[in-house]
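Sequential numbering from 1 along the given sequence is applied to the chain's residues. The model shown is predicted, which means the values in this text are computed figures rather than measured ones.
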Amino acid sequence: MGETRVDVTIRNPADPDRSWAGEFVVDTGATNSIVPRRHLESIGVQPIGHRTYGLADGSDYRAEIGVALFEFLGERSGSTVVFGPDEAEALLGLTALESAGFKVDPVNECLQRAKLRL
């Protein structure tokens, strides 16, 4: 099984004309999405606090978080975004994925529309 990747545009919710686009690795093991800090700062997304995340190796990682608009595959939704290190790969986490109405098809390595429930 390989990786699922998707092109995503991140927008500043206060000024949606300010955006950054890149290829993200879909990571259903990650609660929130990670974007390199330099890209979030370039579009004016501001930190609103900190969160501590558990990593796969059992260690904790404390990071600043903000809110951004995520746009991919014709959908747009708001979600928490982690200010990652500048060298970090952009990751699309489960919250943004589900908020936009998608699930992962691991066999075909693509995203599929999910049946939404209230």
So does [Y] get a backbone contact from the side chain of [X], meaning a donor-acceptor N/O pair under 3.5 Å?
{"X": "Asn12", "Y": "Arg18", "result": "no"}
{"X": "Thr52", "Y": "Arg62", "result": "no"}
{"X": "Ser42", "Y": "His39", "result": "yes"}
{"X": "Ser59", "Y": "Leu55", "result": "no"}

Practice task
May I have all residue pairs that pass salt bridge (charged side-chain N to carboxylate O under 4.0 Å, His left out) and include part of residues 80-94, sequence neighbours excluded?
Solution key: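 Checked against salt bridge (charged side-chain N to carboxylate O under 4.0 Å, His left out) - neighbours excluded - the pairs reaching residues 80-94 are Arg5-Glu89.
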Problem - salt bridge (charged side-chain N to carboxylate O under 4.0 Å, His left out) contacts touching residues 32-46 (sequence neighbours left out) - result: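 Listed by first then second residue: Arg37-Glu41, Arg37-Glu64.
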Heavy-atom closest contact ([X] atom, [Y] atom, distance):
{"X": "Ser33", "Y": "Gly93", "result": "OG-N, 2.9 Å"}
{"X": "Gly54", "Y": "Asp60", "result": "CA-OD1, 4.0 Å"}
{"X": "Ala88", "Y": "Ile34", "result": "CB-CG2, 4.5 Å"}

Problem - Pairing residues for Asn108 by the side chain to side chain donor-acceptor pair (under 3.5 Å) criterion, not counting sequence neighbours - result: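 For Asn108 the side chain to side chain donor-acceptor pair (under 3.5 Å) partners, ignoring immediate neighbours, are Asp105.
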Practice task
Could I get the full list of side chain to side chain donor-acceptor pair (under 3.5 Å) partners for Tyr61, not counting sequence neighbours?
Solution key: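 Residues passing side chain to side chain donor-acceptor pair (under 3.5 Å) with Tyr61: none at all.
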Practice task
Scan residues 67-77 for pairs that pass side chain to side chain donor-acceptor pair (under 3.5 Å), counting only residues two or more places apart or in two chains.
Solution key: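 Matches after skipping sequence neighbours: Arg11-Glu71, Glu71-Arg76, Glu75-Arg113.
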Handout entry: Inter-residue atom distance Asn32.CG - Thr80.OG1, 0.5 Å rounding
Key =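 Atom-to-atom, Asn32:CG and Thr80:OG1 are 5.0 Å apart.
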Handout entry: Hydrophobic cluster of Val35, others only, ordered by chain and residue number, side-chain cut-off 4.5 Å
Key =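 ILVMFWY cluster around Val35 also holds Val6, Val8, Ile10, Trp20, Phe24, Val26, Leu40, Ile43, Val45, Phe70, Phe72, Leu73, Val81, Phe83, Leu92, Leu94, Leu97, Phe102, Val104, Leu111.
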